[in-house]
Amino acid sequence: MNLSDLYAIGCLLLWGGLAGYTVWIFRRNPPREQNSGETFLVGTALLAVLLSYILYSILLIGNPGYLAVALFLWTLVLCAAGSIRGQFRLLRYGLEIAIIGTLGLCLLFDIVCANGFAPADNSIIIRRIQTISAFRQATEDQTLYPAGILDGNHPVVIAHPELLKWWTCCGTPRRLWHSGFTNFFESTSLPPFEFAARTIAENLEALGQHILSAGQTASPSEEKPGSFHLIRQFSMQNRSRF
């Protein structure tokens, strides 16, 4: 059990709970007399619709747009059920659950992103190019480092710990049981690289080819048509810099 699993379970509990709640509203008998304080909750319904629009309009990579769509659809379903059955008090509770639950999932989404998982929209190609850029910035270090596997124990990574952060999130994403509806994939490390007994700058060309060639094994869900051609083009344009 990990954070992405908890997020997926939270989605299923919220949506499944709202579905059951809607069925329960339909099964209840309409109230014989409508209380003066029980009217259609225009303000609460508009708040839910506005919130779904705001969430959908946030221009962030990996923004969980499906949460906004789900909130909008459940708002319509609950409003219809509450209006048909005259259960406006139950409608208010349902809308409040939908709003609070969606906001909670959005907050959890950001936490999951920061703990080893990446949404499908967060292109692996971009992350690999950023990894090369991080190594290029480290070429100012002219230290002659020993040969060995580039991992957490290698002197290069010890001297530049930020390189390991990029290295460990640019491998082929691992599909999870809930990837189909959460768009979350588990980040994995790039394949091992044999660092030659030279400076970082002298290893940069081999590093770049190693990082970009890993795109050949990217999963279909991550690799868009023509993306490997884009990688090769980037590699040729920047070969003089390696």
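Below, each value reflects all heavy atoms present in this structure, side chains not excepted, and no hydrogens, waters or symmetry copies. Here the structure is a predicted model, which means the values were calculated and not measured.
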Please confirm whether the backbone N or O of [Y] pairs with a side-chain atom of [X], one donor and one acceptor, at under 3.5 Å?
{"X": "Thr75", "Y": "Val49", "value": "no"}
{"X": "Ser83", "Y": "Ala80", "value": "no"}
{"X": "Thr188", "Y": "Thr172", "value": "yes"}
{"X": "Tyr66", "Y": "Thr182", "value": "yes"}
{"X": "Asn203", "Y": "Phe195", "value": "no"}
{"X": "His160", "Y": "Glu162", "value": "no"}
{"X": "Arg128", "Y": "Cys170", "value": "yes"}

- Query: Excluding sequence neighbours, so at least two apart, what forms side-chain contact (heavy atoms from CB on, under 4.5 Å) with Ala159?
  - Reply: Tyr145
- Test side-chain contact (heavy atoms from CB on, under 4.5 Å) applied to Ala134 - qualifying residues, sequence neighbours left out: Leu163, Trp166
With side chains defined as the heavy atoms from C-beta onward, is the minimum distance between [X] and [Y] less than 4.5 Å?
{"X": "Ser4", "Y": "His178", "answer": "yes"}
{"X": "Leu51", "Y": "Thr102", "answer": "no"}
{"X": "Leu164", "Y": "Leu150", "answer": "no"}
{"X": "Phe181", "Y": "Leu12", "answer": "yes"}
{"X": "Thr143", "Y": "Pro155", "answer": "no"}
{"X": "Thr139", "Y": "Glu202", "answer": "no"}

- Query: Centroid-to-centroid, Trp167 to His210, below 6.0 Å?
  - Reply: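 Close enough - the centres of the two rings lie under 6.0 Å apart.
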- Query: Parallel under 30°, tilted from 30 to 60°, perpendicular over 60°: which one fits the rings of Tyr21 and Trp24?
  - Reply: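 Rings of Tyr21 and Trp24: tilted, as their planes differ by 30° to 60°.
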Reported [atom1]-to-[atom2] distance for the pair [X] and [Y], which is rounded to 0.5 angstrom:
{"X": "Leu47", "Y": "Glu96", "atom1": "CG", "atom2": "CD", "answer": "10.0 Å"}
{"X": "His154", "Y": "Phe193", "atom1": "NE2", "atom2": "CZ", "answer": "9.5 Å"}
{"X": "Leu176", "Y": "Asp5", "atom1": "CG", "atom2": "CG", "answer": "7.0 Å"}
{"X": "Cys79", "Y": "Trp74", "atom1": "SG", "atom2": "CH2", "answer": "12.5 Å"}
{"X": "Glu186", "Y": "Asn115", "atom1": "CD", "atom2": "CG", "answer": "12.0 Å"}
{"X": "Leu212", "Y": "Leu207", "atom1": "CG", "atom2": "CG", "answer": "10.5 Å"}

Nearest heavy-atom neighbours spanning [X] and [Y]:
{"X": "Ile158", "Y": "Gly152", "result": "CG1-O, 3.8 Å"}
{"X": "Leu71", "Y": "Ile99", "result": "CD1-N, 4.1 Å"}
{"X": "Ala81", "Y": "Thr22", "result": "CB-CG2, 3.9 Å"}
{"X": "Pro192", "Y": "Ile149", "result": "CB-CG2, 4.2 Å"}
{"X": "Leu95", "Y": "Leu78", "result": "N-CD1, 3.9 Å"}
{"X": "Leu18", "Y": "Ala98", "result": "CD1-CB, 3.9 Å"}

- Query: What residue pairs, at least two apart or across chains, pass salt bridge (Lys or Arg N to Asp or Glu O under 4.0 Å) with a residue in residues 143-156?
  - Reply: none
- Is there a path from Phe184 to Trp177 through hydrophobic residues (I, L, V, M, F, W, Y) whose side chains come within less than 4.5 Å of each other? yes
- Do Ile100 and Tyr93 belong to the same hydrophobic cluster, where Ile, Leu, Val, Met, Phe, Trp and Tyr are linked whenever their side-chain heavy atoms lie under 4.5 Å apart, directly or via other members? no
- Task: Begin from the C-alpha positions of Phe117 and Phe185 and carry the test ring-ring contact (aromatic ring centres under 6.0 Å, His included) through to its verdict.
- Result: CA-CA 6 Å; Phe117 300 92; Phe185 292 79; over 10 Å; no
- Task: Assess whether side-chain contact (heavy atoms from CB on, under 4.5 Å) is satisfied between Thr199 and Asp141, documenting all intermediate values.
- Result: CA-CA 8 Å; Thr199 64; Asp141 181 359; over 6 Å; no
